[in-house]
Each structure stands twice: as structure tokens, then as C-alpha cells.
Amino acid sequence: MQLDDLYQEVILDHYRHPRHFAALRDDETLVDEENPLCGDHIRMAAKLAGERLTDLRVQCTGCAICTASASMMAEAVSDQPVSAVRSKIETFLAILRGEQPPQADDLGDLVALRGVAEFPMRVKCATMPWHALSAVLQRLSVAK
Amino acid sequence: MQLDDLYQEVILDHYRHPRHFAALRDDETLVDEENPLCGDHIRMAAKLAGERLTDLRVQCTGCAICTASASMMAEAVSDQPVSAVRSKIETFLAILRGEQPPQADDLGDLVALRGVAEFPMRVKCATMPWHALSAVLQRLSVAK
Amino acid sequence: MSVLTSKEPAEIQALSPQTVRADFPALDRIFADQQRLVYLDNAATTQKPRAVLEATRRYYEESAGNVHRAVHRLAAEATELYEAARQRIAKFIGAPSTRSMVFTHGATEGFNLVAYGWARKFLKAGDEILVTEMEHHSNFVPWQRAAQERGAVVRIAPILEDGTLDRVAFARLLTPRVKLVAVTHASNVLGTVNPVAELIAAAHAIGALALVDAAQSAPHLPLDVRALDADFLAFSGHKMLGPTGIGVLYARETLLEAMDPFLTGGEMISKVFDDHATWADIPQKFEAGTPHIAGAIGLGAAVDYLERLGRERVRQHEQQLTAYALERLGDLPGLRIFGRAPERVGVISFALDGVHPHDVAQFCDQTGVAIRAGHLCAQPLMHRLDVPALSRASLYLYNATDDVDRLVEALQAAQRFFHAT
Amino acid sequence: MSVLTSKEPAEIQALSPQTVRADFPALDRIFADQQRLVYLDNAATTQKPRAVLEATRRYYEESAGNVHRAVHRLAAEATELYEAARQRIAKFIGAPSTRSMVFTHGATEGFNLVAYGWARKFLKAGDEILVTEMEHHSNFVPWQRAAQERGAVVRIAPILEDGTLDRVAFARLLTPRVKLVAVTHASNVLGTVNPVAELIAAAHAIGALALVDAAQSAPHLPLDVRALDADFLAFSGHKMLGPTGIGVLYARETLLEAMDPFLTGGEMISKVFDDHATWADIPQKFEAGTPHIAGAIGLGAAVDYLERLGRERVRQHEQQLTAYALERLGDLPGLRIFGRAPERVGVISFALDGVHPHDVAQFCDQTGVAIRAGHLCAQPLMHRLDVPALSRASLYLYNATDDVDRLVEALQAAQRFFHAT
Ligand SMILES: Cc1ncc(COP(=O)(O)O)c(C=O)c1O
Ligand SMILES: Cc1ncc(COP(=O)(O)O)c(C=O)c1O
């Protein structure tokens, strides 16, 4: 277990310069989740355009892993069909559980987070934004 | 620790042929005590003649140590002045606590129970009749 | 039941107690009088194999971090070891998931947890809890207290002469007022193995829940909470080769979720505000404070050890040895055995004419044979049997026929010693 | 407070951490990258000296009987070891007798025992329990729950900017409605040592009882329950060199006698009848079931070890080391320390600008330095300090200036690593 496995350059880059991050108003926030253990806090807003997830914005205070995961996720799923988003969520969570799903290669930068699986205490940091995204899809499909 | 230290011949003799034992009527019983842990059960009756303890009778179902202790005690304190009985109780309990009181020699046969101090789990068996006797004195002095 | 005599040792040696004994450093003990320790107080607590001592030592010497809380390596290793133990013990009892596995400090705490977290929350006035006459105090007094508080009633199903449950009386007492059936899987006095699967089915049929005291079964019998369909089941590590201070409560996930927490504090909370708090997911919701990490790891190793030996083999060995012991003890004049159930574990309680149980145990001890005497934490049963106390010999996987022979010799000598005039 | 720099190591070495370290096998650990383990998570749990591991091993390998119940030698030895441990720990905290010493499985269970056995019995609607803003969840949530059940109220005395208790506010909140003051002796976040003797005297003056959370003081400070005049005091073994799963609740004998039992079952009863039960004498009344025998014996050995080193020397060593750590950490730009009480223990919580506490701890760990990050089981305090989480380094007797130096290097490297663009 090397530190570089965890904090790869691409992760640090997303941590320092997160994408799709914004301060969210309460009335547009679809999901508000917190990990009481470490104080990570994430809020998300998004819209549906037909079957596409659009205008995904994230507000996140958390550790480097959580922040980078949220940023890379937002980049990876923005303007994607909901079905593709769902499959990315599944793939990502499987990887973090230490499994090796077949479609792992469509994750792009996100494979950098694979190393987190080696650090069980940090897995929650990486998966929290994805669970929040799941909840966003849920909210949007109910609203539809 | 040898078994003979515990079950000396004189103890076995008192166990097999307890002195001053009798079946007691409820209305003459002054004290009724039980050790729930092992089921030892003791009842006592006695009278005061002036300052003397008389007519001490014991009903006891218990192990060899408890029975012998009760029998030897009854023999040792019967028809003795209450003050002497009290001092015997104190002396005996001190010995069983592993202390060495100065007047130990006036205990006679009872010194055979000294070995019980080496068997902490059995100390209660030996001391229970003496605690009951204490309670008897208490009852008699209140009644007086 | 087939009974083997000392002339047919082949079958009995199937487990090879000699090999097994070598795993238990405590059994090497030689007393001053050159007697090898014969340990027959296994229903009280068991000896520990090297593998268990090794596992706890390794935790303390290499990975002594706290669990669930920190990201450093010691804490991560401790958490992994602790959760892996939970997983292995869950598998050992057939639990569907680790979410239903709460670490406690023993069977007693397990019953109390249910008495506080479930009974005090869900019992109403007039409800009943049905137990049996052969329960250990720990599966009796907690219900008495919870019932008193809630205006509920504890009913006691009697036993028959042979030490088995009176099924007719049990059926009669199992009315719709009963909300919980709390019954021991194996009696720590009579050795009786109760037909818990059937009793649980009967409880469920009238809408009651069922709790199993597995303190004397988990160490000895193959155990499957799903096959039993138990709602709650608890046992202690120290009676099954594990460390002291650790045990397990298994409970259906839905029940754990519905129950109130019991102990509160660190680990078991989600959020704490000035005026209220919310709870962590199960099973953490029931594990307040720093757990007994070394204990859990040691119990995991104990369970591994039992599975390595083979639970069916252990059961077979103990059954044969129990039959041998019953036969040899049955031959002793003046010895009365309490409990003659056909389905039983190797717990044998007895009275020796004219010798008080404490003297019996003391005398045996002086020959190096450790047995127990007293009310055996079952006073209601002592009243029923009309004895102040009993002596008890209880067998485990490292015992063999030579241990039983030593016991028999000691008892014979005790009779001579105390009866001589 | 005098501050020693690394150029004056003589005084700091008075305890000789080098010699002390040799007693702790876990501290020999070398990680793959050739880094020696630097263990600075002592407020979570501590490493164990050989003497403690030896004592528990000896129990398991030689005297593994159950306590209080049997007459055989193993049981007698176990009982003697167990009760001797109780006696030594009683002496260690100045308890007037062993009757006031209840073995628990940790500080958390101690507080819950009081919350169930005392608060639920004696609190009335409108009564108040006064705690402080710096309490650990375990000395907070149990009172919240007991208060809710009884219609009572928990009041929280605030802290000042420097992390000490606001004595003025405390005095204002200490009205005659208060029936219990529950306060930590030393904060596991701020390091603050509270003036508990004075707070207890104030509580007694208005007729309230006082409970002390000694989880972070028993390991570090000389402690005397009679000098403090505490009514209840609880701590955990695993935070003071002892095994996991064991702790102690001290309580005044008269209180223990008046309280309801908490856990029920074996050991804690006197007589059990079909419809009621009576209780054993204290402290057994509060020790239901088979206790953590090995744990108690190990804690006894830990206490012996601490006394052999000398508690004043331990305290002096830790004070000097804490001063050194505060100075070195104080010199780091971008590092903010929370808690500046003049009277303190070696618990130092801090935030590093722009690096999340979890990343700080993770980074330190990769250099072999174990520190903790999170809410530190003190969410109300985190709200008060307005931080989501903190990093925490906590010192113990085997730490020395080189450990602090390694921490400082790791923090500097973390700043470079996470801040580089
Ligand atoms: C101040 C304080 N109180 C109580 C506790 C609870 O101790 P335990 O988890 O051992 O029960 C802790 C440790 O976590 C603590 O630091
Ligand atoms: C049948 C039974 N149930 C429960 C218990 C209680 O176990 P523990 O004392 O380990 O909590 C025992 C052991 O004493 C037992 O034999």
C-alpha cells in the first residue's frame, strides 16, 4: 500500500480544482447527505432533459478522496443518458467493493480511485458522492 | 494444600456424629440462614440463663465443613458466658480470615478448622454457623 | 443409544483426544501430587487452544488499534480482524448476514439486551413470556424483571421425570398471550437438548417470537439459526474455547432495526445533537463504546478451530464419551444422575448419597479432577428436583475415557472417605 | 508552563522512554518502508506492555476456571486472581473498599449502568443532569436517554475560548433542580483537565451527586476518588495499557446498595424464585454472568506496571512532552490547535489549513505516524468549535520527542503534498 496508490496525481488535481462544483440554493438542492463520522457533507442539484442527466452541480466539503470522487463523477456522468449513469454507478461501486466488473474501462479518470479499495477506512469517502447521485436519480424519476 | 488439612479426622467425626443437633420447631427457632450458593441451611435455638448461653440446639443440612463447624461450635460455646461466646466468635472468624489472634488456643478442637483458611471457596461453609450464632446472641439480647 | 465400554476405544478415539489435548497448554498442568489435571467443568468455562491465545496475542502485539474510527494502519487492521471474526462467527451459526450479529460480553448480556431493547419496548400489560423450568438464571431473571416493569407475566413450562420438557404442558401454556418463548437449547444441569426447532415453530404459529439460549449448544452441536428459524439466539465465547468477556447475540435484522438501542455512547450513534441523537446502522447500533476487540478476534479463532476439527466429529466424540460416562457413573452404588434425556450433551449432574456436593467436588479436586457443585445457576430447577445443590461433570472435545475413569475413581474414594466410621 | 526544546532532552528522558518502549512489543513494529511505528492515537486505545500480556496468558494457560462458583483449584485460582485485581485497582484509585468497585466492559458500560440503575430509579420529572460541552458521547447520550424517559432535562455547561469550562455559566446552571453533575476529568479532544474536585464540591453543596468520566485521566494522572469525593467514577482498561473489554465503575457503597441492578442473571442473584429474585451483595449485584476474568487480571497487571513506573513520573514525562509538542506544532504555519487549557493531558487536536483531517491522518499513517481524525465522539463539541472534524495526536508514557518530531515532519510533508499546484 503506497500513498501514491491512494492520492494519485489526477485525484489531487480534481481535489484542488473540482469540476461542476457550485454553491447551491436550498430550493434547487435535490439531495443533502452527510457522513457524521468524518463530517463530509455533499449536496447536489441536477435536471432531466428527456432521458439525459443535465446541469449536475455539486456542493461538497470533504476530504480529498470524497471531493475528487465527486468531481470526477460529475464530469463522467454529466449529460449522459440516465441508463448509462446507472451503469456507471454500479460499476464504480463494484470496483470500490474490490470486485472487477467487465465494463470497468468506460470509467476513464475514475479508475484512479481504484486504489481506494485497498484502504477500507476510506471507501466510504469515495462512494458517498455516488450514493448521493443514486438518490438524485431517484428524486428526478419520482418527480417526473 | 493436602486434603487432610481440610478434612481432619476430628472434622469428619463431628460431621458423622454432630453434637447438639436436633430437629427444631418453628416457634423455638431464633435464626434461620441459608447459603443459596451451595444450599447449606442452618437453624438455631438457644436460651439465656443469666449471662450464660444455654440449651443451644442446631439444625443443619450442609457440607462436612459447615456441619462439623456447627457441631464443634455448639460444643465449644454451650453453657458459656455470653462474653466468652462473643470472644470465641471473633477469634474464630479472625482465624478463618487467615489472621492469627492471640487467644487462639482456647478454641480446642476448633483449631482443626484452621486449614479451611487455605481453601477460600470453603471459608463461607465454616463461618456460616458462627454468623448465625452472632444473630442468635443479637436476638436473645434484644428479647431480654 | 449405543454405549461403548472401555474395551472398545477405537471409535471413541476418532477425534484423537491425545492430539487435541496437545493444542491446549492448560491441560499439561501437573499438580504437586503428580496428578494430571482432569478438567470436567466445561459447562462453566472451557480451556483455550493455542490458536486462540495466538490470535489475541497477535492483535495486541501487532495491530492494537481501536476499531471503526481511525484511518491509520493499526486501526484498519484491527477493524478488519474484528469484522472478519464477525463474519466467520456468522457463518458458523448460519446467520444470513453480519448485520444480525451483535458482539456482547456474553450470553447474559445478550438476554439483557433483548430484555431492555425489545421486551421493555414491545411488551404490554397482560402479555406473557414462556420459559422452561430448566432455564439458567440468565435466561430467566431478565424476563422476570422486564415482565414486572411492563405488567407482563412469566410462565414456566415444567419438565418431566427424565429431565425433558413437558411438551403437553408447554403446548397448553403457549396461548396467544405469549409474545416471547425463551428456551435453552441445551440444559447446563440436565444435559437435555430441547427440540428448539419445533418449539420455535409452535411459537411462530401463535405469533410469538422465540429466543434460544445457545450457551451450552454452540460449543457442542452444529447450529444453524436459519434452520432453527430463531428470532434471537445468544451464547458466550468462554464456553467454546474462546476468551472471556465476549459473546454474540444473533437477532433477525428487522427486529434489531425495530428495537431501541440498549447501551448508548460512542460507535452506536449516527448524529448527536444537544437535545437528541440518532443511531448507527445495525449491528453497530447495539455496540456502544470500544468493543472487546481481542475477544472477538479470539472467538473467531475458536470458531475456526472448531470447524477445523469438524463439528460433527466433535459431536460424535462427545456423544460416545457421554454414553461411556453415563454407564460408568450409573454403575456406582449410591450415585443418582439427574437428567436422562435421550437427546443430550455431555453435562452430567448427580448426587452421591450422604456426601454433600461441595465435599464431592472438593474431594475430586484433591485428586486433580475438576468438577462443579452448587445450584448451577438454576435455583428454580433445584427446587423442582428438590435438592439443595448438585455435583456436575461436563465434558468437552479434549476429554477422553481416561478422564471419566479418573472421575469414577475419585467418586469411589470420596464415598469411602466420607462414609467410613 | 515551562517548555523544553529538543536541545534540552535531559529532563524529558527522566522516565527513559527507550527503556519503557522495550516493554511494548507492538512498538517494535517496522513498516515495509523501514519506518518505525510512531503511535500517537493513545486517547483511542493504548499499546500493552509484556507484563499485561503475560498476566492474561498465565490465566489462560494455568488457571482458566470460572470465578465464584466452583471449589476446584482452577476456579479458586481464577477467583483469587480476579479479586486480587479488583483490590489492586481499588488501591490505584484510592477506593475505600472493593465493595465499591464494579468491573464493567468499559467506561461506556459504567455510565450506562448508572443511567439505568440510578438515574431511571431516582430521577423525577423536572430534575436536571448537568454535563459540559466537552463530554464524550458516552457521558452524554446515556443521560439524554434517561432524562427523556423520566421527563428530566440535560443541561450543557459551555466552554470558553481556551477550551476550559466556563465556570460562571456552570455555577449559574447548577441550580437545585440538578440531581447529577456528569463531567469529564480530562477531555479527549481539548486535553483540558477539569477542576473536578471543585465541581464535585459545588455539586454536593446543592445536594447533587457527581459522576466523573476518568477515561482520559486514569491512564495519565494520579487519581484518588476519596480526595475528589466522587460519587461515581468510570474508566476503561484498554486506554491505560490494559486488555480490551474491561473497565471499572467506582461508586459509593451506599449508592450501589440503593440502586437497582442493571444486568441480571447468574452471579448477581442471591435467591431466585419462580416469581421474584433477590440480589447478591455489592459489587456482585452489578456483575451478572461470567465476567471478563482475563481482562480484570490484565488490568490489574497494567495498574501494577503504572505504579512500578511511578505515576508522578509518568505525569511529569507527559507534561514535558506535551509542552514540547505544543511548541513544535504551534510553530507550524497553517496549523490551528484547539484547546489551550493550562491544566491539560497530552491530547492535542488540530486543523491543518486546506487539508481535511482524514487526509492529514492518512498521510501521517503512510509515514508510520498513527494519529486520529474525525468527530472524536464529541459531536456537540465539534458544533461548538464549528469544525466538521479534527485531527488528534495523543501521547502516552512510551512516546518521546522523536515521536513528536516525526509527527511534525509528516504534517509539513502533508502541507507540501496537498497544497502543491
Ligand atoms: C473521555 C472519554 N470518555 C469515555 C470514553 C469511552 O470509552 P470506551 O469506548 O472504552 O467505553 C472515551 C474513549 O473513547 C473517552 O475518551
Ligand atoms: C445454559 C446457560 N445459559 C447461559 C449462561 C450464561 O453464560 P455467561 O455467564 O457466559 O453469560 C450459562 C453459563 O453459565 C449457561 O450454562
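Protein chains get the first letters and strands the later ones, always in sequence-line order, with residue 1 at the start of each.
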- Note on the structure: Pair count under 4.5 Å, heavy atoms only, with chain D: among C:D274, C:L53, C:I156, highest is C:D274
- Find the one option among C:T46, C:V154, C:V141, C:T264 whose heavy-atom pairs under 4.5 Å with chain D are most numerous. C:T264
- Pick from D:M382, D:H136, D:K271 with the largest number of heavy-atom pairs that fall under 4.5 Å of chain C: D:K271
- Query: How far apart are the C-alpha atoms of D:E267 and C:S138, what are their side-chain angles, what is the distance that settles it, and do they pass the side-chain contact (heavy atoms from CB on, under 4.5 Å) test?
  - Reply: CA-CA 9 Å; D:E267 305 271 335; C:S138 63; over 6 Å; no
- Message: Would you say that C:Y60 contacts D:P25 through its side chain, given a criterion of any heavy-atom pair below 4.5 Å between the two side chains?
- Response: no
- Heavy-atom side-chain contact between D:S63 and C:R29 under 4.5 Å: yes
- Task: Could you look at D:F111 and say if it's the side chain, the backbone, both or neither that has a heavy atom under 4.5 Å from chain C?
- Result: neither
- Message: Just to verify, what does D:H375 make a ring pair (Phe, Tyr, Trp, His ring centres under 6.0 Å) with, not counting sequence neighbours?
- Response: D:H137
- Task: Give the minimum heavy-atom separation between D:D41 and C:A70, together with the two atoms involved.
- Result: OD2-CB, 3.9 Å
- Quick one: pull up OG1 in D:T56 and CZ in C:R57 and give me the separation to the nearest 0.5 Å. 11.0 Å
- Task: Please state whether the rings of D:H292 and C:H292 are parallel, tilted or perpendicular, taking 30° and 60° as the class boundaries.
- Result: tilted
- Message: I'd like to check C:H238 versus D:N66 (side-chain heavy atoms, cut-off strictly below 4.5 Å). Are they in contact?
- Response: yes
- Item | Structural part of D:R145 lying under 4.5 Å from a heavy atom of chain C | side chain
- Query: Which atom pair, heavy atoms only, marks the closest approach of C:C377 to D:G266?
  - Reply: SG-CA, 4.1 Å
- Message: At a heavy-atom distance under 4.5 Å, which candidate from C:G289, C:G374, C:A26, C:G368 has the highest pair count against chain D?
- Response: C:A26
- Could you look at D:N139 and say if it's the side chain, the backbone, both or neither that has a heavy atom under 4.5 Å from chain C? neither
- Query: Is it the backbone or the side chain of D:W279 that comes under 4.5 Å from a heavy atom of chain C, or both, or neither?
  - Reply: side chain
- Residue selection (most heavy-atom pairs with chain C, distance under 4.5 Å) from D:T45, D:N112, D:I269: D:N112
- Cut-off 4.5 Å, heavy atoms of chain C, and the answer for D:L37 is side chain
- Query: Do you know which of D:G295, D:P142, D:P291 has the most heavy-atom pairs under 4.5 Å to chain C?
  - Reply: D:P142
- Task: Step through it carefully: locate the ring centre of D:F262, locate the ring centre of C:Y116, and say whether they are under 6.0 Å apart.
- Result: yes
- Task: Look at C:V131, C:I293, C:T244, C:T108 and state which one has the largest set of heavy-atom pairs under 4.5 Å with chain D.
- Result: C:T244
- Picking from D:V272, D:D275, D:D28, D:L74, which has the most non-hydrogen pairs under 4.5 angstrom with chain C? D:V272
- Message: Using every non-hydrogen atom in the two residues, find where C:H383 and D:F273 come nearest and quote the distance to one decimal.
- Response: CE1-CD2, 4.1 Å
- Note on the structure: For D:V71 and C:D365 the tightest heavy-atom approach is O-OD2, 4.1 Å
- Query: Side chains of C:H72 and D:R372: closer than 4.5 Å at any heavy-atom pair?
  - Reply: no
- When heavy-atom pairs shorter than 4.5 Å are enumerated against chain D, which of C:H358, C:H276, C:R392 gives the highest number? C:H276
- Task: Just give me the residue among C:A76, C:A373, C:P261, C:G106 that pairs up with chain D most often, heavy atom to heavy atom, under 4.5 Å.
- Result: C:P261
- Message: With a 3.5 Å distance limit and no angle check, can you tell me whether C:Q379 reaches the backbone of D:S270 through a side-chain donor-acceptor pair?
- Response: yes
- Message: Could you check whether any side-chain heavy atom of C:F24 comes within less than 4.5 Å of a side-chain heavy atom of D:E61, counting everything from C-beta outward?
- Response: no
- Look at D:K48 together with C:E62 and state whether they make a salt bridge at an N to O cut-off of under 4.0 Å. no
- Message: Could you check whether any side-chain N or O of D:Q47 sits under 3.5 Å from a backbone N or O of C:A64, counting only pairs where one atom can act as donor and the other as acceptor?
- Response: yes
- Closest non-hydrogen atom pair between D:E109 and C:L263, with its separation: CG-CD1, 4.3 Å
- Top contributor to chain C interface from D:E133, D:K239, D:E77, D:Q148 [non-hydrogen pairs under 4.5 Å]: D:E77
